[in-house]
Amino acid sequence: MPEYDLHHHGDREVGPGLVDLAVNVRLPRPPAWLRDELASALDSLAAYPSTGDAVAAVAARHGRASSEVLVTAGAAEAFTLLAAAFRPLRAVVVHPQFTEPEAALRAAGHPVSRVILSEADGFVLDPALVPADADLVFVGNPTNPTSVLHPASVLRSLARPGRLLVVDEAFLDAVPGEAESLAAGHPGVVVLRSLTKTWGLAGLRAGYVLAPVDVVERLRAVQVPWSVSTLAGVATVACCRPSALEEAEKLAVAAEADREYLVSGLAASGVDVLGDPRGPFVLVRVPEGASVRMRLREAGYAVRRGDTFPGLGPDHLRLAVRDRATTDAFLAAFRKVR
């Protein structure tokens, strides 16, 4: 099995003076109303944190029972918890996708099988590719880095008795209407959500798990005490309010328009976007992509290398969606360095 740097992430691409198109966090800072809520909670930091209010807020937001919710220190913590809580006979990760699920499984000593989706097919998920005996399956939706959104019906077809299907919906709130989400619940399905991308909270680590009660209990049993900070809990409550959900939907609609603007600009520059992107980022393949990425750095732009994702190579680059002015400037630089 080919070796990849599974712990390489977009934050390692950024640097002083670089315009960041490598990290998929959509806001440069949390909105003012969220910063105010976090600031108002500072005086409570002497007390140990409790996630009770956050769990109740998440449950209400998704129409789930509180017993089906586990708040985590970012969605990434959930991968480690799943790897610690379960002993799969055959764990499968559908690639290309976020590499931390596989990294967590390997760190826990589990062998991992990879299902590599085809670029030629637009990275469309064919359920028949997943081995019938797989008892723990990870898939992203929309998938990082391909930005492909898999139909909920296809994902549900992967669920079956004796199998735990983990769907990483970290970017689903960036899709208008949260189309194709399984957050409302389905037997044998675990859904992971993140607050860091939409709300500019990568440094705070805020996310949660939606899962059957027995799964939540097993994950909670291996979660480090007080792993979720007071401020993460406050942010979770705030971001689950109806007013925040309305704002998130507006941000998703704006991101969709900005993505289409980027895709059109790339096409006009002779660059084809791979797959059918639905998230706030796109995947491209350009000749001598590694050299192009370095020349972009020299021109002042950081983009995400693709060769650390199983199934991709050095000619693949992931580009985060930004506002139109940033996109115009980037495209001008991109045309010069290709």
Side-chain angles (χ1 to χ4, degrees), residues 24-45 47-78 141-142 152 167-185 190-211 213 216 219-220 223 226-258 278-280 321:
N24 288 326
V25 175
R26 294 158 59 201
L27 297 179
R29 63 190 62 82
W33 59 265
L34 183 52
R35 296 201 304 273
D36 288 344
E37 294 223 25
L38 294 172
S40 69
L42 292 177
D43 286 345
S44 65
L45 293 184
Y48 283 94
S50 169
T51 59
D53 290 343
V55 166
V58 171
R61 184 246 198 271
H62 291 289
R64 304 284 294 259
S66 292
S67 57
E68 297 176 313
V69 176
L70 182 70
V71 178
T72 55
E77 184 194 19
N141 205 39
V167 183
D168 178 5
E169 293 188 354
F171 293 99
L172 210 288
D173 62 351
V175 177
E178 297 195 354
E180 313 302 342
S181 175
L182 295 184
V190 176
V191 169
L192 311 183
R193 284 294 188 100
S194 170
L195 301 178
T196 62
K197 279 72 175 176
T198 290
W199 299 114
L201 292 173
L204 188 59
R205 312 309 305 139
Y208 52 88
V209 176
L210 302 169
V213 175
V216 169
L219 298 181
R220 184 180 292 113
Q223 188 176 34
W226 310 297
S227 71
V228 179
S229 71
T230 294
L231 295 184
V234 168
T236 301
V237 172
C239 293
C240 285
R241 293 193 186 112
S243 58
L245 300 181
E246 181 179 350
E247 184 174 335
E249 178 68 10
K250 292 178 180 177
L251 289 170
V253 171
E256 184 174 62
D258 288 340
R278 297 291 301 278
V321 171

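In this text the structure is predicted, and so the values were computed from the model without any measurement.
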Which pair of heavy atoms, one from [X] and one from [Y], lies closest together, and at what distance?
X      : Y      : result
Pro30  : Leu201 : CG-CD2, 3.8 Å
Cys239 : Leu245 : O-CD2, 3.7 Å
Thr230 : Pro49  : OG1-CB, 3.4 Å
Leu34  : Ala238 : CD1-CB, 3.9 Å
Val25  : Ala202 : CG2-CB, 3.8 Å
Ala179 : Arg278 : CB-NH2, 4.4 Å

[atom1] of [X] to [atom2] of [Y]: how many Å apart, nearest 0.5 Å?
X      : Y      : atom1 : atom2 : result
Arg205 : Ser227 : CZ    : OG    : 11.0 Å
Glu77  : Leu219 : CD    : CG    : 9.5 Å
Asn24  : Phe171 : CG    : CZ    : 4.0 Å
Ser229 : Leu45  : OG    : CG    : 8.0 Å
Lys197 : Leu172 : NZ    : CG    : 12.5 Å
Arg241 : Glu247 : CZ    : CD    : 12.5 Å

Criterion side chain to side chain donor-acceptor pair (under 3.5 Å) on Thr72 and Gln223, from CA distance to verdict: CA-CA 9 Å; Thr72 55; Gln223 188 176 34; 5.8 Å; no
Give the intermediate values and the outcome of side chain to side chain contact (heavy atoms under 4.5 Å, CB included) for residues Asp173 and Glu178. CA-CA 6 Å; Asp173 62 351; Glu178 297 195 354; 3.6 Å; yes
For side chain to side chain contact (heavy atoms under 4.5 Å, CB included), just list the numbers for Val234 and Leu38, CA-CA rounded to whole Å, side-chain angles, deciding distance to a tenth of an Å, and then say yes or no. CA-CA 7 Å; Val234 168; Leu38 294 172; 4.3 Å; yes
Using a 4.5 Å cut-off on heavy atoms from C-beta on, say whether the side chain of [Y] contacts that of [X].
X      : Y      : result
Leu182 : Asn141 : no
Tyr208 : Val228 : no
Leu195 : Leu204 : no
Leu210 : Val69  : yes

Main chain of Gly177, side chain of Glu249: is a donor-acceptor contact present, judged purely on distance under 3.5 Å? yes
Are there more than 12 heavy atoms of other residues, nucleotides or ligands under 6.0 Å from atom CG of Asp53? no
Around atom CZ of Arg29, are there more than 12 heavy atoms from other residues, nucleotides or ligands closer than 6.0 Å? no
Audit row: Val175, Glu180, side chain to side chain contact (heavy atoms under 4.5 Å, CB included) steps and yes/no: CA-CA 9 Å; Val175 177; Glu180 313 302 342; over 6 Å; no
With distance as the sole criterion, is a donor-acceptor pair present between the side chains of Arg193 and Ser181 under 3.5 Å? yes
Does the side chain to side chain contact (heavy atoms under 4.5 Å, CB included) test come out yes or no for Leu42 and Leu231, once each step is laid out? CA-CA 8 Å; Leu42 292 177; Leu231 295 184; 4.2 Å; yes
